[in-house]
Amino acid sequence: MFNITPMVRNLLIINVVVFIFQGNLFDARQLALYHFGSEYFNPIQLFTHMFLHGGWGHLFSNMFSLFIFGPMLERFWGSQKFLLFYLITGLGASVLYSGVRAYELNQLEENTIAYIENPSPVAFNNYMDEHLREGAGRDLAIMMKRNPDLPEYVEQSKAIVKEVYNAIFNTPMLGASGAVFGILMAFGMLFPNLELFLLFLPVPIKAKYFVLLYGAYELYSGFNRMPGDNVAHFAHLGGMLFAYILIKMWQRNDYRNF
């Protein structure tokens, strides 16, 4: 019924099967990608994380994009080269994401130490708003404001700040989004003038413009991330960046395929 290619079909099956059994036959937390400074980090996670997903919606969005854009690339490159591209862009996405996350966690650590050394109601409220979600810890901040010198409130706020720090530090990344965004970039580069019909746009849009707009959105979201935004925008950008580099290398070294 669907003109699906072999490697895309295999990747779809693997991702769906892994999702169904993650948490039952194996501990998904061991295979998701943790920060390299975390006690839970394992180098193999740089690859295994791209076959895990956080929910049916996450899985569907990634696999739908793979299903729509992957087959044309596989026919263009062949199955082996397509798989190589998929894995390299997924790995590249995790590398860039890990670098950005290391910087973010360093900032978080500095903010955490600064609060513990100089706690106050305003500082506590600001910390929670910036690193968790808007309004978090508001009640305790109000009680601290009424009784700023009460040791019980101060110690409680320090304990909460430490919990937030540890939770963020040990939050892993998972999903095939990096590789999928690599596929989107490749599609836009190799078939730039192919018109796409998207559900949320009333008019067709050329692939190159779709990729450009999507990349601009991810870049903006990455630098202006709101509290509670759990999307790994820089992993998406990493997949696109490594896809661009890899395709340019292939174009330069293998003219027969381009």
Side-chain angles (χ1 to χ4, degrees), residues 2-12 15 49-51 53 57-97 99-100 173 175-225 229 231-258:
F2 297 107
N3 192 14
I4 188 172
T5 49
M7 190 56 66
V8 168
R9 181 181 63 248
N10 291 342
L11 288 172
L12 290 172
N15 277 274
H49 79 278
M50 67 180 78
F51 296 99
H53 289 86
H58 188 203
L59 175 70
F60 175 79
S61 63
N62 281 337
M63 295 303 99
F64 182 74
S65 297
L66 174 62
F67 172 78
I68 294 298
F69 298 103
M72 284 189 65
L73 294 174
E74 184 176 347
R75 294 188 194 100
F76 188 82
W77 285 325
S79 297
Q80 291 185 349
K81 200 167 186 177
F82 175 79
L83 177 61
L84 179 64
F85 177 86
Y86 184 91
L87 294 176
I88 289 177
T89 52
L91 175 62
S94 64
V95 169
L96 180 62
Y97 169 81
V100 173
M173 181 187 76
S177 299
V180 167
F181 271 79
I183 288 175
L184 292 178
M185 172 61 82
F187 195 91
M189 292 177 67
L190 300 179
F191 312 108
N193 295 315
L194 185 65
E195 292 188 334
L196 305 176
F197 292 85
L198 306 175
L199 296 176
F200 53 85
L201 285 178
V203 294
I205 181 174
K206 291 184 177 180
K208 58 184 177 183
Y209 298 132
F210 170 70
V211 171
L212 180 64
L213 291 174
Y214 212 155
Y217 166 76
E218 290 295 329
L219 186 63
Y220 172 83
S221 300
F223 282 105
N224 298 274
R225 192 162 66 177
D229 182 1
V231 177
H233 298 288
F234 281 101
H236 299 172
L237 291 169
M240 299 179 80
L241 175 62
F242 275 78
Y244 178 85
I245 295 173
L246 189 56
I247 289 174
K248 286 300 182 181
M249 290 175 57
W250 285 353
Q251 285 178 331
R252 183 178 59 189
N253 298 325
D254 190 0
Y255 294 102
R256 292 172 299 173
N257 289 335
F258 292 91

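Worth knowing before you read on, the calculation uses all heavy atoms, side chains too, and leaves out hydrogens, waters and symmetry mates. Just so you know, residue 1 is the first one in the sequence shown, and it goes up from there. Since we're looking at a predicted model, the values are computed, not measured.
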query = Which residues satisfy the side chain to side chain contact (heavy atoms under 4.5 Å, CB included) test with A243, sequence neighbours excluded?
reply = F85, T89, M185
ask   = Roughly how far, to the nearest 0.5 Å, is the CD1 atom of I183 from the CE atom of M72?
value = 13.0 Å
request  = Rounded to the nearest 0.5 Å, what's the gap from CG on L91 to CE on M50? Could you check?
outcome  = 6.0 Å
request  = Return the minimal non-hydrogen interatomic distance between I4 and F67, and the atom names on each side.
outcome  = CD1-CD1, 3.9 Å
Set of ring-ring contact (aromatic ring centres under 6.0 Å, His included) partners for H53, sequence neighbours left out = H58
key: For S94, side-chain hydrogen bond (donor to acceptor under 3.5 Å, both in side chains) partners two or more places apart   = none
request  = Check the pair F82 / V8 against side chain to side chain contact (heavy atoms under 4.5 Å, CB included), numbers first and verdict last.
outcome  = CA-CA 9 Å; F82 175 79; V8 168; 3.8 Å; yes
key: Non-neighbouring partners of F64 that pass side chain to side chain contact (heavy atoms under 4.5 Å, CB included), sequence neighbours left out   = F60, I68
inquiry  = Give me the atom names and distance for the closest heavy-atom approach of L237 to L96.
reply    = C-CD2, 4.1 Å
task = Compare every heavy atom of L11 with every heavy atom of L66, then report the nearest pair and how far apart it is.
result = CD2-CB, 3.8 Å
ask   = With sequence neighbours excluded, what pairs up with T5 under the side-chain hydrogen bond (donor to acceptor under 3.5 Å, both in side chains) test?
value = E74
ask   = Distance from I245 atom CD1 to M240 atom CE, nearest 0.5 Å?
value = 12.5 Å
task = Taking all non-hydrogen atoms of both residues into account, name the closest pair between L73 and A186 and its distance.
result = CD1-CB, 3.9 Å
request  = Go through the structure and list residues passing ring-ring contact (aromatic ring centres under 6.0 Å, His included) with F51, not counting sequence neighbours.
outcome  = none
request  = Can you see which heavy atom on Y86 is nearest to which on A176, and at what distance?
outcome  = OH-CB, 3.4 Å
Atom pair CG/OG of L184 and S177 - distance to nearest 0.5 Å = 10.0 Å
key: Check: K81 and W250 side chains under 4.5 Å, non-hydrogen atoms   = yes
key: Atom OH of Y244 with >12 non-hydrogen neighbours under 6.0 angstrom   = no
